[in-house]
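Quick notes on the structure that follows.
Quick note: numbers below take in every heavy atom, side chains included, and nothing from hydrogens, waters or symmetry partners.
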Amino acid sequence: MSNSLFLIQRVFSYSIPSSTLWQLTVHEARTTKQQTINNPPVESLSFPTMLNVSTNLLFLGAFMLNLHESNSLSHSQRSRREFVVDSVVSVATSSAIAGAGLPKLAVANEEIVTAPKQLALPPIGIGAWAWGDSIFWGYDKKNDDELKEVFEYAVRKNLAFFDTAELYGLGRSEELCGQFRDEFCKSKAEQDKVIIATKFAALPWRTTSDAVVKACKASVKRLGGKPIDLYQIHFPGAWSNEEYWDGIADAYDQGLVNAVGVSNYGVDALRACHAKLKERGIKLATNQIQMSLLYRWPIENGLLDVCKELDVKVLSYSPLALGFLTGKYSKDYFPSGPRSKIAEELFNDDSLDELLTLMDRIAKKHDATVSQVALNWARQKGTIPIPGARNLNQVKQNLACLDWSISEDEIVSLDEVSAKVTGFVTPDKNPFPREDRNTGLKMYDS
């Protein structure tokens, strides 16, 4: 694979927010290796508003490229930890020269309280990636009141299932979820209505089960000290995947979490993780995967069928395909930021217009919205969609998809037309490791 292609695959991804991955990488690497370099400590620098997206992606790409090119080095020549820390500190130096600083990973101080294990998920959730991500989604703290309105509305509708991650805004998303729960849910009964799922980032230097437990405890604290309802591995690692499975099992046994899951796992990895957890008497509850009318690979390659076979619930992230299935965008109106590049490919021919026209026709028939058509398609396929919502109007529209049902004929029509659409991200463009380099286990397929 060429260096440029490798960079594109690793950098141009919306499944792992590149901005938060880069920030977390630098933060933890500098914590791991206390090294003085000729720039102020990363922890003391402010994140400049003038730093544009391309600069952030360049820094992340430089790190990932170094990782790629170092694969030929043996462990005797250079340890993984040594390489990762040195590479990140090197790139951090360039970042500081350019005037870029990185904030601390937010950590709260509340005590951790354990609780019984149980998980009952509603038919739809709310993705909280945008709750803290300033690069891809333009998060601004001044809009926190709008996010709080989203949270409170979902609680009132008894549909308060929020999916976050330690990567989202360097813990800011987790922090907001915990803060909103504490502020709005005064009684235990109200708090029990809220289900929060978060995710462990399988970063290169995290190679032990203890690293998972440590990260889990930090997430618990940011969420207000209560056990995590669902703790997931965010994406496969290039190594140490079995250690991660032991780690989430240890977190479960210690009462830090009520259920465990994975994300972006392919067929072989799912079977292996399911079997490993079963040996310890723990159920693999979920696999969170990308799936939408524009990203149908889990249906076509059998991953969805295997999840059903193993009784693993599927959480479908990006069910609105980054907003391209809302009807908001067209050939004449693109989203801003990194999504504009995807828009150029998607609207290159008339296939997406044909799909959106069909969705609009179905929506009008049901007195609904185009977004609701996309969400009900995902629900009909047996998944729990977790669309993002940043304001009250969005969350109301999304949750209202439960007020009507899509017909079998409409599903067939949507399948036929959506299969023609090209230009959206394909599995080979996603940045996840395809296999575990230590075991040879195939980790990712869609």
Side-chain angles (χ1 to χ4, degrees), residues 16 20-21 24-25 27-33 79-81 84-85 104-119 163-168 170-171 173-175 177-178 195-265 269 272-288 433 436 438-439 443:
I16 307 175
T20 50
L21 176 56
L24 185 61
T25 299
H27 173 86
E28 189 159 344
R30 290 296 299 276
T31 302
T32 302
K33 182 176 181 179
S79 70
R80 287 196 298 257
R81 177 182 289 268
V84 170
V85 173
K104 288 184 178 181
L105 179 65
V107 178
N109 296 314
E110 289 82 355
E111 292 297 320
I112 296 172
V113 180
T114 59
K117 283 64 169 186
Q118 53 186 358
L119 181 69
D163 179 76
T164 182
E166 64 174 338
L167 283 183
Y168 298 166
L170 274 181
S173 178
E174 289 180 325
E175 207 173 47
C177 287
I195 300 170
I196 298 180
T198 192
K199 298 183 282 294
F200 163 82
L203 298 170
W205 59 86
R206 289 175 162 177
T207 59
T208 67
S209 57
D210 287 343
V212 180
V213 174
K214 179 182 177 182
C216 181
K217 288 179 178 178
S219 288
V220 169
K221 288 178 180 179
R222 286 190 292 274
L223 288 165
K226 299 172 181 62
I228 296 167
D229 297 291
L230 174 62
Y231 194 52
Q232 307 153 93
I233 299 172
H234 201 156
F235 44 87
W239 45 68
S240 303
N241 290 287
E242 291 191 13
E243 287 80 2
Y244 298 153
W245 305 339
D246 279 331
I248 59 174
D250 290 344
Y252 179 92
D253 286 340
Q254 292 178 31
L256 299 171
V257 306
N258 294 337
V260 296
V262 293
S263 182
N264 298 299
Y265 267 42
C273 182
H274 180 274
K276 180 75 170 180
L277 292 175
K278 188 176 181 180
E279 290 175 1
R280 296 187 55 169
I282 299 172
K283 176 179 173 55
L284 178 62
T286 58
N287 187 16
Q288 184 178 147
D436 187 307
N438 291 339
T439 66
M443 297 302 301

Ring centroid separation Y168 to H234 under 6.0 Å = yes
Indicate yes or no: at least one non-hydrogen side-chain atom of R280 is less than 4.5 angstrom from one of D250.
-> yes
Taking the side chain as every heavy atom from C-beta outward, state whether L277 and V260 have any pair of such atoms under 4.5 Å apart.
-> yes
Beyond-backbone contact of I248 with V257, side-chain heavy atoms, under 4.5 angstrom | no
W239 (side chain) donor-acceptor with P204 (main chain) under 3.5 angstrom | yes
Please step through side chain to side chain contact (heavy atoms under 4.5 Å, CB included) for the pair Y265 and I233, ending with a clear verdict.
-> CA-CA 9 Å; Y265 267 42; I233 299 172; 3.8 Å; yes
Counting only N and O atoms by type, is there a donor-acceptor contact under 3.5 Å from the side chain of D229 to the main-chain atoms of A197?
-> no
Spacing of CD1 belonging to I196 relative to CD1 belonging to I228, to within rounding of 0.5 Å | 9.0 Å
N264 to N287 - nearest heavy-atom pair and separation = N-OD1, 3.7 Å
Going through the checks in order, is the side chain to side chain contact (heavy atoms under 4.5 Å, CB included) test met by K217 and K214?
-> CA-CA 5 Å; K217 288 179 178 178; K214 179 182 177 182; 5.9 Å; no
Minimum-distance pair of heavy atoms, taken over all atoms of E174 and L223 = O-CD2, 3.2 Å
Side-chain (Q232) to main-chain (T198) donor-acceptor, under 3.5 angstrom | yes
List the atom of N258, the atom of Y252, and the distance in Å for their closest heavy-atom pair.
-> O-CE1, 3.4 Å
Separation between CG (L203) and OG (S240), nearest 0.5 Å, reads 11.5 Å
By ring-ring contact (aromatic ring centres under 6.0 Å, His included) - contacts of Y231 (at least two apart) = none
If we ignore angles and hydrogens, is there a donor and acceptor under 3.5 Å between the side chains of E166 and S219?
-> no
How about K276 and L284: do any of their side-chain heavy atoms sit closer than 4.5 Å?
-> no
Calculate, to the nearest 0.5 Å, the distance between atoms CZ and SG belonging to R222 and C177 respectively.
-> 11.5 Å
Partner of F200 by side-chain contact (heavy atoms from CB on, under 4.5 Å), out of V213, L167, V212 = V212
Closest contact, heavy atoms only, P236 versus P433 | O-CD, 3.4 Å
Please confirm whether the backbone N or O of V220 pairs with a side-chain atom of K226, one donor and one acceptor, at under 3.5 Å?
-> no
Closest non-hydrogen atom pair between M443 and G237, with its separation | CG-O, 4.3 Å
Atom NZ of K283 and atom NE2 of H274: how far apart are they, to the nearest 0.5 Å?
-> 6.0 Å
Separation of D246 CG from D210 CG (nearest 0.5 Å) = 10.5 Å
Separation between CD1 (I282) and SG (C273), nearest 0.5 Å, reads 10.0 Å
For L230 and G261 the tightest heavy-atom approach is CD1-N, 3.8 Å
